[in-house]
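To find a chain, count down the sequence lines: A is the first, B the second, and so on, and within it residues start at 1.
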Amino acid sequence: MNRVLTGTGLAIACIVLAVFLLFPLYYAVLTSFKAGSELFRVDYWPTDIDFSSYVRIWQEQPFARNIFNSVLVATLVVLLSLLLSLTAAYALGRVQFRGRKFLLYTILGVSMFPQVAVLSGLFEVIRALGLYNNLGSLVLSYLIFTLPFTVWVLTTFMRDLPLEIEEAAIMDGLSPFVIVTRIFMPLMGPAMVATGLLAFIAAWNEFLFALTFTLSNEQRTVPVAIALITGASEYELPWGNIMAASVIVTLPLIALVLIFQRRLVAGLTAGAVKG
Amino acid sequence: MIRKELSISAERKRAAWLFLAPMLAVLVVVAAWPLLRTIYFSLTNATLVDMGRYDFVGLSNYVAYDNGRWYGVLTDPQWLISLRNTLVFAIVSVSLEIVLGVSIAMLLNAKFPGRGMLRAAMLVPWAIPTVVSARMWGWMLNDQFGVVNDALMRLGLIAEPVAWLADPTLSMISVILVDVWKTTPFVALLALAALQMVPKDVYEAARVDGIHPVKVFFQVTLPLIGPALAVAVIFRLLDAMRMFDLVYVMTGTTDATMTLSVFARRELVDFQDVGYGSAASTLVFFIIALLTALYVMAVRLDLNGRRR
């Protein structure tokens, strides 16, 4: 009897949790398929399927361009971060040298940095480089949060690989560069995929820098574009368009996250639990 | 042979610094230098129109007394409000996230059908971009057409629609609610990873001894997952203290929810006042650094005191 009760309680808790987690996305999808006055009637189940919001978002603003911008920026940031952090992670994870601990904590410190603290200094750097209202400004500035993260996670992965892996190579007199590219890079593949994906999501979602360093519609990334969709007045926001745009940029991310979920969770928890 | 090993080790150390150099150079350009420049700008009256022309004004962007009136960020009533808002937001949202996150992790640590699906569902709020979450919830919390008001009225919990995003108290609650929705999964996943590292025989022994489950949780489980939770708390606390996007998109720059970051960006970008805005930015940096140091010291003292 007691076990049945516990089981029922557990099942109810799970259902409530699942509804709480998933309802906002479900409701966004529901709204995105409505048009006109339908939008302002609350429904809990799909009533009509109207694609007009999905047609309009491409016409009323350069949404395709915004998506392209986001993909381009996030991809470049991830590639740069992984490239720079692979060798750095080898140095921090496999070589004992003075100042290693200090460097690791400094890098962790940078990853916890409030972005707003560098805003005016970065503004100056970006203007000096002629990158204002240019996607280059975002590629540069996003490194402030992706790079410490990729370095930190790859270092923890690198440190956990057994010593024997490179012993023979060191005895054979291979140079550190060859050891990194020939021995560690293939082994680090899965970790780099997970870390890269997490960095990609962080860059894809970034808002403060994108809002501040770009000005024109054509240079905006997806989060800024979605945040700035406005109607004639505050009370006439085109909710159908906003929800359609939200669904379009969210579903691919969710698909990616679900496909890679085991590796992602490992990557997310690697730095935290072991550190 | 010994000499050869020594030279290998020396070569590895040289290579290590060479390997680190590009990464460190980038961090100097995007982090260290801009931070120093921000601190420097906070001592000037620079404007965004021309950041190259400014006068040195000392600490007057922080605090100044002139003609019977106080000036500067530290005495700015709006900044004080944003400080209070940020602290309330950070403390309430992180506490809720830790309690809920650990509860959900305990739930998911039990074996039951559908556990994998529930764990996958947890990743959904986390994967949705913050700006998108802010807009989804903004629509759901809409005072006239929102589904939240509709549902609460159908359930008889409220008599008439509530202005979730316009009322000062409710708008803070709404922002906290959305943050909890979005980041509790992260805390739960960390807690779950820690729970799965607790050896099973510990529970077995407690069960055999007939110790009450609640007591087991507080005296066995919690101390064992404590270090991982401490890390989760600090990650979340730092994130909450610098909160910008969710608040900015959901409620704009209203006093009721304005955070330190929203205030700093408004001064810097909207009002073009680089000096004043940089002072506000610098304060965000030092407040967060101070809180981190205090927290790390507290956790270390606590762990040392209890264990050694």
Name the member of [options] that forms the most heavy-atom pairs with chain A at distances under 4.5 Å.
options: B:Trp33, B:Phe112, B:Phe286; value: B:Phe112
options: B:Ala230, B:Ala151, B:Ala16; value: B:Ala16
options: B:Leu107, B:Thr184, B:Ile234; value: B:Leu107
options: B:Val124, B:Val147, B:Asp245; value: B:Val147
options: B:Ile128, B:Leu238, B:Asp150, B:Val249; value: B:Asp150
options: B:Ala21, B:Ala120, B:Ala15; value: B:Ala120

So which residue, [options], ends up with the most heavy-atom pairs under 4.5 Å with chain B?
options: A:Val125, A:Ile254, A:Leu208; answer: A:Leu208
options: A:Ser175, A:Ala227, A:Ala245; answer: A:Ala227
options: A:Phe177, A:Tyr44, A:Tyr90, A:Phe123; answer: A:Tyr44
options: A:Ala91, A:Ala18, A:Ala13, A:Pro24; answer: A:Pro24
options: A:Arg41, A:Arg98, A:Gln115, A:Glu124; answer: A:Glu124
options: A:Val249, A:Leu253, A:Leu211; answer: A:Leu211

To the nearest 0.5 Å, how far apart are CD1 in A:Ile144 and CG in B:Leu35?
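A:Ile144 atom CD1 to B:Leu35 atom CG measures 8.5 Å (nearest 0.5 Å).
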A:Met243 side, atom CE; A:Leu25 side, atom CG - distance, nearest 0.5 Å:
10.5 Å
Can you see whether B:Phe41 has B:Arg37 sitting over its ring - NZ or CZ less than 6.0 Å from the centre and within 45° of the normal?
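Yes, a cation-pi geometry holds between B:Arg37 and B:Phe41.
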Heavy-atom proximity to chain B below 4.5 Å, by part of [X]:
X: A:Leu122; answer: both
X: A:Leu147; answer: side chain
X: A:Leu140; answer: both
X: A:Ile226; answer: both
X: A:Arg94; answer: both
X: A:Val180; answer: side chain
X: A:Phe113; answer: both
X: A:Ser85; answer: neither
X: A:Ser81; answer: neither
X: A:Gln96; answer: backbone
X: A:Ala28; answer: side chain

Where the side chain of [X] meets the backbone of [Y], is there a donor-acceptor pair that is under 3.5 Å apart?
X: B:Asn61; Y: B:Thr44; value: yes
X: B:Arg135; Y: A:Ile229; value: yes
X: A:Ser141; Y: A:Phe209; value: no
X: B:Asn142; Y: B:Gln144; value: yes
X: B:Ser42; Y: B:Thr282; value: no
X: B:Ser261; Y: B:Arg242; value: yes
X: A:Asp172; Y: A:Leu174; value: no
X: B:Ser281; Y: A:Val116; value: yes
X: A:Asn66; Y: A:Arg220; value: yes

A:Tyr142-A:Phe145 aromatic ring centre distance below 6.0 Å:
yes
Nearest heavy atoms of A:Val257 and B:Ala127, plus distance in Å:
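Heavy atoms only, the tightest pair is CG2-CB, 3.7 Å.
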Select one option (side chain, backbone, both, neither) describing which atoms of B:Leu48 are under 4.5 Å from chain A's heavy atoms.
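Contact with chain A involves both backbone and side-chain atoms of B:Leu48.
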